[in-house]
2 protein chains.
Amino acid sequence: MSPLLKIRAERDQMSAIERRIADFILDNAHLLRDYSSQQLADALQISQSSVVKFSQKLGFKGYPDLKYGIGESIAHHRAQESTAPRTAADPFAASAEALWRRKQEAESETRLINPPAQIRAVAAALTAATQVFVTGLGEDAPQAQALALRLALLDIRASCPGDAFVVSAALSGAARNDVLLVLCEHGRQPALAQLGRELRARGGKLVSVTRHSANPLRSQADLALLVSAHDERAHVEPLLYRAALQHLLDVLYLELCETRRDALARLQANAERLRRLLES
Amino acid sequence: MSPLLKIRAERDQMSAIERRIADFILDNAHLLRDYSSQQLADALQISQSSVVKFSQKLGFKGYPDLKYGIGESIAHHRAQESTAPRTAADPFAASAEALWRRKQEAESETRLINPPAQIRAVAAALTAATQVFVTGLGEDAPQAQALALRLALLDIRASCPGDAFVVSAALSGAARNDVLLVLCEHGRQPALAQLGRELRARGGKLVSVTRHSANPLRSQADLALLVSAHDERAHVEPLLYRAALQHLLDVLYLELCETRRDALARLQANAERLRRLLES
DNA sequence: CCGGTCGGTCAATAAATTATTCTTGACACC
DNA sequence: GGTGTCAAGAATAATTTATTGACCGACCGG
């Protein structure tokens, strides 16, 4: 039980002096940090030994232990309060925090609409592929690039060609089982849809990552991952979309790390190599 | 800032013995309650005075005060965890959720160590700049690219040259007030530090975005933004780092959106143009 | 290469805080 | 009234913490 609660609970069965100590602590818990047993005793005009005995009677090893317990107690209390809807001091900090919360919602929703089995299936397809192409346009491009880098570090043959034409060229050499992973927020870009058709014609697998609303790319895909992110402010929604997409891809990556044989060892070796390269 | 976080932040700039103390505390925070400074010293085979000096150096009144702070810190931590909703049906879903939580922590910490004033200052510098260069290597490269795109949509003249040599060439035309924004996790890449020097020599401003531990790039920068992200699993830490970095940059972006004149209108016009381009 | 300085560490010790012991007085019960 | 119990305080012992001064090694400018 929390020390503060314990003190309050036992307060009624205490002697007069003990009760004075209890009251002081309950009222001034936050000041206790700077009080020695002697100072506390002085403040209450009682003897130092009474303070120590009070502590021991409550089950603490001694006065410093009581103090430690009270400290924990108020920190715990504060933490719980701070979890509740907060009133941010700075308007700026407030909007930063609001953004943070909205992102969490988007990430949660995204997690819920992608069943674990689906993510596992995508991971399996990536593992089975001889070659993986990742592509995305506009804001999705950097994400695609980052994902390709991650996959490469896991010794998955992944590339992220600069533009759609290059992808198309690369696809001409694609074999069965190869995977094209397309990031496309609205799933409506004709160029990407076209790439998907080319790949499927050659027996490859198309994995789409789009918003959860119905769209051409998604309906064409062998495997579809979905992202949910909504905000009435046009400048905020892309931030939510990216965070949710990021999280989805992170979870996929985590799955790959945890299920591929030797993944972590290889990852470490590759990362080490990359680090040396960059620092040279 | 939480004492534990503070210790972790300063760990890198500590002497060998101090680092041993820091590690012990970080690993055994929950045991500290029963350790006197002498016992802690014995456990580490060092002198008791080193423990006391360690405490004072970190800004505590003394060892008991440090202990008190750590106690608060872990109580706070525990409280936050216990408030969190528990839904661990699938082991896979559980690890996805754990990742999610860890990201939130990293983002929160990152938000706390970057005072609003600092972010405003960076936003102001970006607004005032004639030209903005964004750069990053390895995993930071896609982030840099995405940020440059975002800034460009706000009508800030921003570019993200492909490699350091190109940046260097671009810098030769840089004027006073231009800004170089460098994303560099550990702040230790000589090439980027060199770019910073070149720019500053021409009167430009260097903004660094690095981990919160001390590093050459950060100490050289006019304005420094900091990222906090920690995990014992080597394959998870980069995910946290990226999420926290992303959030920091998002907050910066939000600040720009909300303070620049006509920002939203321009953004909308530019986004529309980009959309048409991609769908054609 | 050499003195000088500085930061870090430790042993010794001073200072403080805490815990115990012992005494006293109040109160209840026999 | 005698006696046991118990809370409280004073004195003091024990422990813990903080400071001091000496030493060592790294670094630096001459």
Side-chain angles (χ1 to χ4, degrees), chain A residues 3 6-7 9-26 28-73, chain B residues 3 6-26 28-73 213-216 219:
Chain A
K6 190 180 173 78
I7 291 175
E10 300 191 7
R11 197 198 99 100
D12 292 339
Q13 308 155 39
M14 291 177 180
S15 71
I17 285 203
E18 285 169 339
R19 200 166 320 157
R20 272 171 63 204
I21 302 176
D23 289 343
F24 183 91
I25 293 177
L26 290 173
N28 308 60
H30 58 292
L31 296 181
L32 214 62
R33 180 169 190 161
D34 302 312
Y35 274 52
S36 69
S37 62
Q38 182 65 248
Q39 287 173 298
L40 177 53
D42 290 347
L44 295 171
Q45 313 243 50
I46 60 177
S47 74
Q48 179 258 345
S49 59
S50 296
V51 174
V52 173
K53 282 175 190 157
F54 175 86
S55 306
Q56 293 170 331
K57 235 179 185 171
L58 277 163
F60 295 96
K61 280 175 53 181
Y63 175 73
D65 197 47
L66 163 77
K67 212 158 117 175
Y68 188 98
I70 302 285
E72 277 187 333
S73 199
Chain B
K6 189 181 174 75
I7 290 176
R8 207 159 37 191
E10 302 192 6
R11 195 200 103 100
D12 291 341
Q13 353 179 6
M14 290 177 180
S15 69
I17 285 204
E18 286 170 339
R19 197 158 11 206
R20 271 170 63 202
I21 303 176
D23 288 343
F24 184 91
I25 293 178
L26 290 173
N28 308 63
H30 58 291
L31 296 181
L32 214 64
R33 180 171 189 158
D34 303 313
Y35 274 53
S36 67
S37 63
Q38 182 65 83
Q39 286 173 300
L40 176 53
D42 290 346
L44 295 172
Q45 314 245 48
I46 60 178
S47 74
Q48 178 257 344
S49 59
S50 296
V51 175
V52 174
K53 269 199 76 184
F54 175 85
S55 308
Q56 293 171 333
K57 229 175 184 176
L58 277 163
F60 295 96
K61 280 175 51 184
Y63 175 73
D65 197 46
L66 164 77
K67 209 158 120 176
Y68 188 97
I70 300 287
E72 278 187 333
S73 198
S213 46
N215 63 64
S219 60

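Proteins get letters first, then strands, A, B, ... in listed order; numbering begins at 1 in each.
Less than 4.0 Å separates DNA chain D from no heavy atom of any residue of residues 30-41 of chain A. Listed by residue number, B:Gln48, B:Ser49, B:Val52, B:Gln56 are the residues of residues 43-60 of chain B with a heavy-atom contact under 4.0 Å to DNA chain D.
Taking side-chain N and O atoms only, B:Ser15 has no distance below 4.0 Å to OP1 or OP2 of C:dG7.
In this structure, A:Lys61 atom NZ and C:dT20 atom P are separated by 11 Å, rounded to whole Å. In this entry the distance linking CD of A:Glu18 with P of D:dC6 reads 13 Å, nearest Å. Whole-Å rounding puts the B:Tyr68 OH to D:dT17 C1' distance at 18 Å. One atom, OH of A:Tyr63, and another, C1' of C:dA16, lie 14 Å apart when rounded to the nearest Å. When rounded to the nearest whole Å, the span between CD1 of B:Ile17 and P of C:dG7 equals 17 Å. For the pair B:Ile21 CD1 and C:dC10 C1', the computed distance is 12 Å after rounding to whole Å. If you take NZ of A:Lys67 and P of C:dA19, they are 11 Å apart, rounded to a whole angstrom. Rounded to an integer number of Å, the gap from B:Arg19 CZ to C:dT9 P is 10 Å.
Side-chain contact between A:Gln48 and A:Leu40 is absent, with no heavy-atom pair separated by less than 4.5 Å. With a 4.5 Å cut-off on side-chain heavy atoms, B:Lys67 and B:Arg33 do not count as touching. You'll find the side chain of B:Asp34 reaches within 4.5 Å of the side chain of A:Lys61, heavy atoms only. Side chains of A:Ile7 and A:Ile70 form a contact here, defined as non-hydrogen atoms less than 4.5 Å apart. Contact annotation: the side chain of A:Lys57 approaches that of A:Glu18 to within less than 4.5 Å [non-hydrogen atoms, C-beta and beyond]. Proximity of B:Ile25 to B:Phe54: side-chain heavy atoms (C-beta onward) are separated by under 4.5 Å at one or more points.
A distance-only check finds no donor-acceptor pair linking the side chain of A:Gln13 to the backbone of A:Glu10 [under 3.5 Å].
Note: B:Asp23 CG to B:Asn28 CG = 10.0 Å, rounded to the nearest 0.5 Å.
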**OP:** Test A:Tyr68 against A:Tyr63 for ring-ring contact (aromatic ring centres under 6.0 Å, His included), laying out the working first.
**Re:** CA-CA 9 Å; A:Tyr68 188 98; A:Tyr63 175 73; over 10 Å; no
